[in-house]
Amino acid sequence: MKLLLIHADVFEYEVKEKALPHPEEVNEERKKLKVNDVLVVFTTVEKDDEDDIDYVIAEASKAIEEVYNKVSPSAILIYPYAHLSTELASPSKALEALRRLEDKVRERGYVVFRAPFGWYKAFTLRCKGHPLSELSRTIKVKERKIEVEKEEETAEKSEYRLIEPDGTEHHIVLERIDEYEVLDKYPLLKQFILCEELGKKPHRPPEHIRLMRKLELVDYEPASDIGHFRFYPKGELIKDLLEEYATQIAIKDIGAMKIGTPMLYKLDEPDIAEQAAKFRERDYRLKVGGREFVLRFAGDFGLFRMMKTTIMTYRQLPVRMYELAPSFRLEQSGECVGLRRLRAFTMPDIHCFCRDLKQGMEEYARLFKYYAKLADAMGIDYVVVFRVVKSFYEENKEWIKEMVKGVGKPALIELLPRMKHYWIVKHEFQFVDSVGGNAQLSTVQLDIEDSERYGIYYVDEHGEKRGCIIVHSSMGSIERWIYAMLEQAAKDIVKGRTPKLPTWLSPIQVRIIPVSSEYLKHAIDVADALEKHGFRADVDDREETVSAKIRSAETEWIPYVVVIGKKEISQGVLSVRIRGKGIVEMKLEELVKRLEEEVGDKPRLPLYTPKFLSLKPRFV
RNA sequence: GCCCCGGUAGCUCAGCCCGGUAGAGCGCCGCACUGGUAAUGCGGAGGUCCCGGGUUCAAAUCCCGGCCGGGGCUCCA
């Protein structure tokens, strides 16, 4: 319900013609009215209000009373006014709501008039023009819907199992997790259960917020919306490396085809509207040229549209599609915490279109395996959670156990009594951060409902159109991986160990420090040699002492620091300070070999900051 | 959305309780030092104390209102 409240010196209306086929009946005396010193309440009853009229009436009368007390008019006039909203309630419900609102306000002892409903009316209004003379209120039905959903969830409770890396299965009851000795072996999993499943949230801000700024990676941007971040050069480099690696896994390992689809969709397109409806108030909407659009909150929008007109035959399946694109979700303002949850983020999504359940399960296991590879490459320890429809689990237990064994980690299994969503099995790689909070990284979902509902088909052996099994998946947002990487490092700080980033993701992999400007040329030569091999090396050419330069390199978490002076030049060796380990003398080739081993097949990008430290601006 | 906290130099913050010329560290600039594995020394520049109103001889400081930000809670097909 929308209310526009105007405190008027005078308000006068006169009924003209019918605006609806069956307007409210009015006697002669209600056809014309003139009131002085009146609070005019232009009122629009909206579609959503029908869900809980009692609530809306109660809130609206409260709002009116509140304004009344502030401006003290001598009367109230409720005026039906359809033009405050685009989603109107049905006329009968609207009239009912207005009548009840009138009664409710009158009950409270005010002088109330109500203009007739369903008529075109002429009116004149003289607004008093004081600061409180023009106000608006919006009343939304919400609370009750949520309660209803919660009831449904608790109605049928899930059972839980724990599968150890060797395949041993345990029944567990979440509320009694302290009683299971087996869980003591897996503290991360236990913490995850406490936080995610039992709702015991941490009370401290996660460490990555401090680190992302300290390392000059990422920062808040107050000029944008909440949850939209700025990336400094080093952060942008990490983001690009991760995107590159995600793409590499998608294309080379998984064999997907990379596509691109629009960011913006028409809300009046039926399939878009249907998907958007599921998301309720979590999407970004904008109006352009009188048309309503929605920003993509997932990759499905454009992909499914594309697949609708794609001709696929049974010989081509599984068809795997990959997209790496920004998504936007209007998460609640209070829920956006650093990089843990954003309103704008970059999603690598893969969808596999399969012939049958068997092929779907094969694809599922492949995705599972390669998503684990990404986490391993980043040095991130994660928790595995499967959510499975019970009957499916009983029949395919071994298939799940094989995956669990493959990653060598225990898995929590939630058994759902029956199908609740479109998937029959899904898993999540969950991360537990330095303060005990958690976030989902990647997920794979096996959708066994026929793809026909999306209008997606393939042609079978007999030339017939058939729906397929869809495996939906996301490698997890790039920003969230950065969160996990920083939090993983923060856990080392807590344990008193030297925090590090994986070498392939370090914005500067090698820092060369000449002992004095005399050795600058040699330092540049070493940096150039490393650069030729595809590594990122810069030179600290500032007029500082060696100690000060070492300190800078350490605070930047640079994995290799090379000091070059007289000794190194005469002996032809490098003095290499390895982060967290100490100083080792080695030849340039040995350093290159180490870097090759550590970076391996991961992407290599050049420095995003100047080669000479003296030329680098300070961002934070 | 709700609750709590915050906004003072580029950054991190002190000063506010108890009103009286605006502070520190880091960073930045300059000078000296040609340096050996976590901070060389000295000097300098830099401020709409978030905005508006009120109280007062006088407001960064007290009061009221607002804006912005952060955290927590709720939520997360």
Side-chain angles (χ1 to χ4, degrees), chain A residues 131-132 138-143 145-147 149-150 152-153 196 199-206 209-210 213-214 216 219-227 274-283 297-298 300 329-338 340-343 387 420-423 426 428 435 437-440 443 445 447 472 480 498 511-520 540-558 560-569 574-585 614 616-620:
Chain A
L132 291 174
T138 299
I139 290 147
K140 277 188 190 156
V141 177
K142 214 171 5 178
E143 281 75 4
K145 273 190 190 168
I146 292 161
E147 274 169 32
E149 276 169 27
K150 272 188 180 160
E152 270 173 13
E153 271 171 33
E196 177 70 18
K200 300 216 164 53
K201 302 284 177 187
H203 297 278
R204 281 180 294 152
I209 297 176
R210 186 176 65 81
R213 304 190 66 235
K214 177 189 127 73
E216 277 191 313
D219 212 340
Y220 293 105
E221 177 47 80
S224 184
D225 191 17
I226 304 157
E274 192 189 331
Q275 277 173 288
K278 286 193 213 162
F279 227 66
R280 270 175 287 182
E281 289 175 12
R282 279 176 194 280
D283 46 19
F297 51 75
D300 308 24
R329 295 185 181 186
L330 200 61
E331 303 291 2
Q332 290 187 63
S333 59
E335 192 48 45
C336 299
V337 178
R340 189 153 65 192
R341 181 172 299 177
L342 301 180
R343 280 184 172 181
R387 306 192 194 271
K420 204 163 76 178
H421 309 290
Y422 55 84
W423 43 265
K426 78 160 178 171
E428 297 151 11
V435 294
N438 75 288
Q440 175 183 309
T443 181
Q445 302 163 355
D447 178 352
H472 305 250
R480 198 171 266 184
T498 310
R511 162 79 38 91
I512 318 290
I513 297 178
V515 169
S516 74
S517 56
E518 207 180 310
Y519 311 105
L520 182 58
D540 192 343
D541 60 332
R542 296 171 307 163
E543 291 294 325
E544 295 287 345
T545 60
V546 173
S547 290
K549 292 182 191 178
I550 293 283
R551 187 182 140 86
S552 294
E554 291 287 348
T555 55
E556 282 183 66
W557 298 11
I558 296 171
Y560 293 97
V561 181
V562 176
V563 176
I564 291 192
K566 198 173 172 189
K567 195 180 84 187
E568 287 76 17
I569 292 166
L574 298 179
S575 167
V576 182
R577 188 181 163 109
I578 304 172
R579 181 163 182 79
K581 297 215 170 68
I583 297 159
V584 182
E585 304 237 312
S614 66
K616 192 186 92 63
R618 240 189 104 87
F619 295 100
V620 182

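Within every chain, numbering begins at 1; the chains are lettered A, B, ... in the order of the sequence lines, protein sequences first and strands thereafter. Nothing here was measured: the structure is a model prediction, and the numbers come from that model.
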**Q** Scan Glu543(A) against the nucleic acid and name what it touches under 4.0 Å (heavy atoms): base, sugar-phosphate only, or nothing.
**A** base
**Q** Nearest to the side chain of Ile550(A) - U37(B), G71(B), U40(B)?
**A** U37(B)
**Q** For A22(B) versus C49(B), give the span between their C1' atoms, rounded off to a whole number of Å.
**A**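 These two C1' atoms come out 8 Å apart once rounded.
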**Q** Using whole Å, what does the distance between atom P of nucleotide C75(B) and atom CD of Glu331(A) come to?
**A** 14 Å
**Q** When the distance from CD1 of Ile513(A) to P of G36(B) is rounded to whole Å, what number comes out?
**A** 13 Å
**Q** Return yes if the base of U34(B) and the side-chain atoms of Ser517(A) contain a donor-acceptor N/O pair under 3.5 Å, otherwise no.
**A** yes
**Q** Across all strands shown, which nucleotide pairs with U56(B) by Watson-Crick or G-U wobble geometry, both distances under 3.5 Å?
**A** none
**Q** Tell me the interatomic distance from Glu216(A), atom CD, to G10(B), atom C1', rounded to whole angstroms.
**A** 12 Å
**Q** Just the rounded figure in Å: distance from C1' of A77(B) to CG of Leu330(A).
**A**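 Interatomic distance, CG of Leu330(A) to C1' of A77(B): 16 Å.
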**Q** So does Cys336(A) get a backbone contact from the side chain of Glu331(A), meaning a donor-acceptor N/O pair under 3.5 Å?
**A** no
**Q** I want to verify a distance call: between A38(B), U12(B), U40(B), whose nearest atom is closest to the Arg213(A) side chain?
**A**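 Nearest nucleotide to the side chain: U12(B).
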**Q** Tell me which nucleotide, if any, is Watson-Crick or G-U wobble paired with C49(B) when both distances must be under 3.5 Å.
**A**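 C49(B) is paired with nothing.
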**Q** With rounding to the closest Å, how many angstrom separate the C1' atoms on G43(B) and U37(B)?
**A**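 So the two C1' atoms sit 29 Å from each other.
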**Q** By the 4.0 Å heavy-atom rule, please label Lys567(A) as base, sugar-phosphate, or nothing.
**A**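 Counting heavy atoms under 4.0 Å across all strands, the contact made by Lys567(A) includes a base.
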**Q** What does C73(B) pair with, Watson-Crick or G-U, if both distances are under 3.5 Å?
**A**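 Base partner found: G1(B).
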**Q** Between A77(B), U37(B), G35(B), which nucleotide has the shortest distance from any of its atoms to the side chain of Ser516(A)?
**A**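 My answer, after comparing the listed nucleotides, is G35(B).
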**Q** Using a cut-off of 4.0 Å on non-hydrogen atoms, how would the nucleic acid contact of Ser547(A) be classed: base, sugar-phosphate, or nothing?
**A** sugar-phosphate
**Q** Mind checking who A14(B) pairs with, Watson-Crick or G-U wobble, both distances under 3.5 Å?
**A**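 None - no nucleotide pairs with A14(B), as no candidate has both distances under 3.5 Å.
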**Q** Have a look at Glu568(A) and say if it touches a base, only the backbone sugar-phosphate, or nothing, with a 4.0 Å heavy-atom cut-off.
**A** base
**Q** One thing to verify: whether Arg551(A) and Glu544(A) come together as a salt bridge, which I'm taking to mean a side-chain N less than 4.0 angstrom from a carboxylate O.
**A** no
**Q** Sub-3.5 Å donor-acceptor pair from the side chain of Glu556(A) to the main-chain atoms of Ala553(A), do we have one?
**A**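 Absent.
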**Q** Between the side chain of Arg213(A) and the main-chain N/O of Asp219(A), is any donor-acceptor distance below 3.5 Å?
**A**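 No, Arg213(A) side chain to Asp219(A) backbone: no donor-acceptor pair under 3.5 Å.
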**Q** Determine the interatomic distance between C1' on A59(B) and the same-named atom on C50(B); round to the nearest Å.
**A** 16 Å
**Q** Considering every strand and a 4.0 Å limit on heavy-atom distances, what is the contact class for Ile209(A): base, sugar-phosphate, or nothing?
**A**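 Sugar-phosphate contact only.
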**Q** When you compare the side chains of Ser552(A) and Arg542(A), does any donor N or O come within less than 3.5 Å of an acceptor on the partner?
**A**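 Distance-only check passes for Ser552(A) and Arg542(A).
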**Q** Can you tell me the base-pairing partner of G44(B)? Count Watson-Crick or G-U wobble geometry only, both distances below 3.5 Å, and say none if there is no partner.
**A** C28(B)
**Q** Considering only A39(B), A77(B), G70(B), which nucleotide approaches the side chain of Arg551(A) most closely?
**A**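 The nucleotide sitting nearest to the side chain is A39(B).
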**Q** Between G25(B) and G15(B), how far apart are the C1' atoms? Round to whole Å, please.
**A**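 Straight-line distance between the two C1' atoms is 15 Å.
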**Q** Remember a base hit wins even if backbone is also touched, and classify Arg577(A) as base, sugar-phosphate or nothing at under 4.0 Å, heavy atoms.
**A**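 Base, at least one base heavy atom under 4.0 Å.
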**Q** Can you tell me if Arg340(A) touches the phosphate of G72(B), counting only side-chain N or O atoms and a distance under 4.0 Å to OP1 or OP2?
**A** yes
**Q** Between G27(B), U37(B), G72(B), which nucleotide has the shortest distance from any of its atoms to the side chain of Pro206(A)?
**A** G72(B)
**Q** Are any of Tyr220(A)'s side-chain N or O atoms less than 4.0 Å away from OP1 or OP2 of G7(B)?
**A**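 Tyr220(A) to G7(B) OP1/OP2: no side-chain N or O under 4.0 Å.
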**Q** Hunt down the Watson-Crick or G-U wobble partner of U37(B), both distances under 3.5 Å, from any strand shown, or write none.
**A** none
**Q** From OH of Tyr519(A) over to P of U37(B), roughly how many Å is that when rounded to an integer?
**A** 14 Å
**Q** Using a heavy-atom cut-off of under 4.0 Å over every strand shown, decide if Val563(A) touches base, sugar-phosphate, or nothing.
**A**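 Base contact.
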**Q** More than 12 foreign heavy atoms under 6.0 Å from NZ of Lys214(A): is that the case here?
**A**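 Yes, because the 6.0 Å sphere around NZ of Lys214(A) holds more than 12 heavy atoms from other groups.
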**Q** So which one's nearest nucleotide on RNA chain B is more toward 5', Glu221(A) or Val561(A)?
**A** Val561(A)
**Q** So that I can tick it off, tell me whether Glu554(A) and Arg577(A) are bridged by a salt bridge, with the cut-off set at under 4.0 angstrom between side-chain N and carboxylate O.
**A**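 Looking at Arg577(A) and Glu554(A), the cut-off is met.
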**Q** Rounded to whole angstrom, note down the C1' distance from U34(B) over to U40(B).
**A**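 Per the computed distance, 12 Å lies between those C1' atoms.
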**Q** How many Å lie between CD1 on Ile512(A) and C1' on G36(B), as a whole number?
**A**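 Taking CD1 of Ile512(A) and C1' of G36(B), I get 15 Å after rounding.
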**Q** How far does the P atom of C63(B) sit from the matching atom of C17(B), given to the nearest Å?
**A**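 Nearest-Å result for C63(B) against C17(B) at atom P: 9 Å.
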**Q** Kindly point out which of U40(B), A77(B), G70(B) is positioned nearest to the side chain of Arg329(A)?
**A** A77(B)
**Q** Taking the C1' atom of each, how far is C62(B) from G20(B), in whole Å?
**A** 14 Å
**Q** Rounded to whole Å, please give me the gap between CZ in Arg542(A) and C1' in U34(B).
**A**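 The answer, rounded to whole Å, is 16 Å.
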**Q** For the side chain of Arg579(A), starting at C-beta, report the closest nucleotide among U34(B), G35(B), A38(B).
**A**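 It is A38(B).
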**Q** How far, in whole Å, is C4(B) from C42(B) if one measures between their P atoms?
**A** 47 Å
**Q** Can you work out whether Gly338(A) or Lys426(A) has the more 5'-proximal nearest nucleotide on RNA chain B?
**A**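 Its nearest nucleotide lies further toward 5', so the answer is Gly338(A).
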**Q** Take atom CZ of Arg618(A) and atom P of C26(B), then tell me their distance rounded to the nearest Å.
**A** 12 Å
**Q** Under the 3.5 angstrom rule, does the side chain of Arg480(A) hit a backbone N or O of Arg340(A) as a donor-acceptor pair?
**A**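 Checking the backbone N and O of Arg340(A) against the side chain of Arg480(A), a donor-acceptor pair under 3.5 Å is found.
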**Q** Using atom types as modelled and distance alone, determine if a side-chain donor or acceptor of Gln445(A) lies under 3.5 Å from a backbone N or O of His472(A).
**A**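 No; zero donor-acceptor contacts below 3.5 Å.
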**Q** Does Ser575(A) reach a base, just sugar-phosphate, or nothing at all? Heavy atoms under 4.0 Å.
**A**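 Result for Ser575(A) = base.
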